[in-house]
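Worksheet: the structure to be examined is printed underneath.
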2 protein chains.
Amino acid sequence: MGMPKPPSDFPGVDIAAADLLTACGQLVRRLRAETNNQELSWSQMAVLARLESAGPMSIADMARAESVKPQSMGVTLSVMEDEGLLERRPHPTDGRQFLFALTVAGVEARRRVRAAKQTWLAGAVATLTADEQRDLLTAAAVIRRLADSSTRDTQ
Amino acid sequence: MGMPKPPSDFPGVDIAAADLLTACGQLVRRLRAETNNQELSWSQMAVLARLESAGPMSIADMARAESVKPQSMGVTLSVMEDEGLLERRPHPTDGRQFLFALTVAGVEARRRVRAAKQTWLAGAVATLTADEQRDLLTAAAVIRRLADSSTRDTQ
DNA sequence: TATTGTTATACTCTATAACTATA
DNA sequence: TATAGTTATAGAGTATAACAATA
């Protein structure tokens, strides 16, 4: 399993972890409820965002980056390919792999849906104080580092 | 005064919202991958946590609290009832409602699974600096307020 | 052998729709 | 009427298992 097992050196660690868990869970459910019936799902948005920032990627690499199994990512990418959001090209040197890239339609869909997806959350964030908004920005970076922290199972 | 609809008054709002979205999404996927095959699902843990802190609740109230449809929550609670984690009692004054409460088995399961669920995240959090851990705690409270912020659809 | 990708199957969570019972 | 709950059905997202092709 993960992590060299740091035995809860002080209580703050467990408290922060537990709080973060419940808070993120609640936010995710609320977001799902508030942004229902959209053109693109959250998973699809994550794929578009990553391909846009990281460039063309293979199924296996995308699966690792998004912490899902290659079979799951394969389904997601194939669906998006069928919908014309992604384009599949053979890997230049590895005959097993394919590289997926955004199509024009994919870029446009992402731009179009992005604002709609954020509408509710941006409104909610706007009601916070400037300090709280800064806290969120700081925390988002930390959370992203956590999600990406290197204890990868080989899967 | 009541801030007449803040249409992204300054870029920070949209940036914070977008960052929080992608960061939470990534963390949720990573957590799912790292804490697979556990005795209780995340949704079930959320139910147990809420009932433990808020006391017995009806299906409709739980659904509102967790931002899901009553039908969805009804299924979740019925399954947990069948598993002996929850107990259903008739509402004292309203003949339509039922009040769900933790059983002893539910309390024990929550305590047992809680540590296991947190193991990976607590380990990851432990690698952060003390400042970053404080940032997370602060942010968790803000995130919870966001998830609970009062723009409720009537559903 | 190890890795990449595909296909088939199943499970969890949630949604919508249609219904009954109670307020 | 409005609300609470139930049941049936469907969909998205992911997992496991078994397989073929390539490295």
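In the text below, chain A, chain B and the rest are named by the order of the sequence lines, each starting its count at 1.
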For this session: Tell me whether the OP1 or OP2 atom of C:dC13 has a side-chain N or O from A:Arg32 closer than 4.0 Å.
Result: no
Exercise. Between atom CZ in B:Arg30 and atom P in D:dA15, what is the gap in whole Å?
Worked result: 13 Å
For this session: Considering just the side-chain nitrogens and oxygens of A:Thr76, establish if one lies under 4.0 Å of OP1 or OP2 belonging to D:dG13.
Result: no
Problem set entry | Heavy atoms of other groups near A:Arg114 CZ, more than 12 under 6.0 Å | no
Exercise. Tell me: CD of B:Glu34 to C1' of D:dA15, nearest whole Å?
Worked result: 15 Å
Problem set entry | Closest to side chain of B:Gln97, choosing from D:dG5, C:dT14, C:dT6 | D:dG5
Problem set entry | Nearest-nucleotide 5' precedence on DNA chain C, B:Gln44 against A:Gln71 | A:Gln71
Exercise. Are side-chain heavy atoms of A:Val142 and B:Leu136 found at a separation under 4.5 Å?
Worked result: yes
Exercise. Contact class for B:Gly74 vs. all strands (heavy atom < 4.0 Å): base, sugar-phosphate, or nothing?
Worked result: nothing
Seminar exercise, completed: 5'-most contact on DNA chain D (nearest-nucleotide basis), B:Ala60 vs A:Arg96, goes to B:Ala60
For this session: Measure from NZ or CZ of B:Arg88 to the centre of the six-membered ring of B:Phe98, then state whether that distance is under 6.0 Å and the direction lies within 45° of the axis.
Result: yes
For this session: Look at B:Asn36 and D:dT16 and indicate whether a side-chain polar atom (N or O) is within less than 4.0 Å of OP1 or OP2.
Result: yes
Exercise. With respect to the side chain of A:Arg88, which nucleotide from C:dT6, C:dT14, C:dT16 is positioned closest?
Worked result: C:dT6
For this session: Ignoring backbone atoms, test whether B:Ser58 places a side-chain nitrogen or oxygen under 4.0 Å from the OP1 or OP2 oxygen of D:dA4.
Result: no
Problem set entry | Atom CZ of B:Arg112 with >12 non-hydrogen neighbours under 6.0 angstrom | yes
Exercise. Got a donor-acceptor pair under 3.5 Å from the side chain of A:Ser41 to the base of D:dA12?
Worked result: no
Exercise. Looking at the side chain of A:Lys69, which of D:dG13, D:dT16, C:dA15 is the nearest nucleotide?
Worked result: D:dT16
Exercise. Can you tell me if the side-chain N/O atoms of B:Arg64 get under 4.0 Å from OP1 or OP2 in D:dA4?
Worked result: yes
For this session: Using a cut-off of 6.0 Å, state whether more than 12 heavy atoms not belonging to B:Arg50 lie near its atom CZ.
Result: yes
For this session: Can you tell me the distance, in whole Å, between the CG atom of B:Leu31 and the P atom of D:dA15?
Result: 13 Å
For this session: Would you mind telling me which residue lines up with the more 5' stretch of DNA chain C, A:Ser78 or B:Asp94, judged by nearest nucleotide?
Result: A:Ser78
